[in-house]
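Working notes, beginning with the structure itself.
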Amino acid sequence: QVQLVESGGGLVQPGGSLRLSCAASGSFSSINDMEWYRQRPGNQGALVAAITSGGSTKYADSVKGRFTISRNNAKNTVYLQMSSLKPEAAAVYYCRGDIIPTGSVYEYDYWGQGTQVTVSS
């Protein structure tokens, strides 16, 4: 059973920083593209940042220059470093990954349970 578990959420003041982590566990042969999404109350989820297995990245325009996505393939973990946080960044952040479970030749879509980020003074 493949699982993605996020951590690192919490309360931060406007202008502050926070680093989210998403660790994959279970039995798998490959982790390909990984993404961070966020969902504000009453809104649909939106892509925040993405990273390929080779390390190429892309960002939502609203976070460019302030957020950085990275991954440690040896630890099967993807990170989202968030800086200069604004109140509108408050949301539940989810990671998503394209992962090939052991014994499969197909890539499947896995989601974490989410971690709450609150930006408030």
Side-chain angles (χ1 to χ4, degrees):
Q1 181 92 8
V2 176
Q3 286 188 314
L4 295 177
V5 178
E6 300 101 333
S7 61
L11 172 64
V12 62
Q13 292 186 341
S17 298
L18 210 56
R19 188 176 83 154
L20 306 182
S21 300
C22 172
S25 63
S27 184
F28 44 86
S29 59
S30 179
I31 302 176
N32 298 325
D33 294 354
M34 297 288 292
E35 297 168 341
W36 285 98
Y37 286 80
R38 66 186 177 190
Q39 185 169 23
R40 301 185 184 96
N43 292 341
Q44 286 187 327
L47 179 66
V48 176
I51 186 166
T52 67
S53 57
S56 297
T57 59
K58 67 176 181 180
Y59 298 91
D61 287 344
S62 59
V63 305
K64 282 180 182 176
R66 298 184 298 112
F67 289 16
T68 302
I69 188 170
S70 62
R71 63 193 291 166
N72 183 325
N73 292 329
K75 294 184 177 181
N76 299 317
T77 300
V78 63
Y79 305 97
L80 185 68
Q81 177 68 48
M82 305 184 292
S83 303
S84 302
L85 281 162
K86 302 176 182 180
E88 53 264 38
V92 178
Y93 284 72
Y94 298 89
C95 71
R96 192 204 69 78
D98 293 323
I99 300 174
I100 301 176
T102 299
S104 175
V105 297
Y106 299 108
E107 181 181 89
Y108 292 89
D109 184 25
Y110 292 89
W111 289 82
Q113 83 288 351
T115 186
Q116 177 72 52
V117 172
T118 303
V119 184
S120 175
S121 55

| Among Asn43, Leu20, Val117, Val63, the one residue meeting side chain to side chain contact (heavy atoms under 4.5 Å, CB included) with Arg38 | Val63

| With no hydrogens and no angle check, do the side chains of Tyr37 and Gln39 hold a donor and an acceptor under 3.5 Å apart? | no

| How many angstroms lie between atom CD of Glu6 and atom SG of Cys95, to the nearest 0.5 angstrom? | 4.0 Å

| query | With no hydrogens and no angle check, is any side-chain donor or acceptor of Gln13 less than 3.5 Å from a backbone partner on Ser121? | reply | no

| Which value, rounded to the nearest 0.5 Å, describes the distance between Trp111 atom CH2 and Glu35 atom CD? | 7.0 Å

| query | Mind checking whether Ile69 and Val12 sit in one hydrophobic cluster, side chains of I, L, V, M, F, W, Y counted as touching below 4.5 Å? | reply | yes

| Within the distance-only criterion (no hydrogens, no angle test), does the side chain of Arg71 pair as donor or acceptor with the backbone N or O of Thr52 below 3.5 angstrom? | yes

| Qualifying ring-ring contact (aromatic ring centres under 6.0 Å, His included) pairs, either residue in residues 50-108, two or more places apart | none

| message | Go through it in stages, so that I can follow the logic: the residues are Val119 and Lys86, the test is side-chain contact (heavy atoms from CB on, under 4.5 Å), and I'd like the CA-CA distance, side-chain angles, deciding distance and then a yes or no. | response | CA-CA 7 Å; Val119 184; Lys86 302 176 182 180; 5.8 Å; no

| request: Please report the closest heavy-atom contact between Ser21 and Thr77, naming both atoms and the distance. | output: CB-CG2, 4.3 Å

| request: Mark yes when over 12 heavy atoms from residues, nucleotides or ligands other than Glu88 sit less than 6.0 Å from its CD; otherwise mark no. | output: yes

| task | Spell out, as yes or no, whether a donor-acceptor pair under 3.5 Å connects the side chain of Gln113 to the backbone of Val5. | result | no

| task | Check whether any side-chain heavy atom of Ile100 lies under 4.5 Å from a side-chain heavy atom of Asn32, and answer yes or no. | result | yes

| task | Measure across Cys22 and Met34 and return the closest heavy-atom pair with its distance rounded to 0.1 Å. | result | SG-CE, 4.2 Å

| message | Which heavy atom of Leu4 sits nearest to which heavy atom of Ala24, and what is that distance? | response | CD2-CB, 3.6 Å

| query | Pro101 and Tyr110: which non-hydrogen atoms are nearest, and at how many Å? | reply | CG-OH, 3.3 Å

| note | Rounded to the nearest 0.5 angstrom, the OG1-CG distance for Thr68 and Leu80 is 8.0 Å

| task | First locate atom CG of Asp98, then atom CG of Asp109, and finally report the distance between them rounded to the nearest 0.5 Å. | result | 6.0 Å

| Shortest non-hydrogen contact from Ser120 to Pro14? | C-CD, 3.6 Å

| For the atom pair OG (Ser56) and CD1 (Ile51), what is the distance rounded to the nearest 0.5 Å? | 8.0 Å

| Out of curiosity, Ile99 CD1 to Ser30 OG, how far, rounded to the nearest 0.5 Å? | 9.0 Å

| note | For Leu47 and Lys58, the nearest pair of non-hydrogen atoms, with its separation, is CD2-CE, 4.0 Å

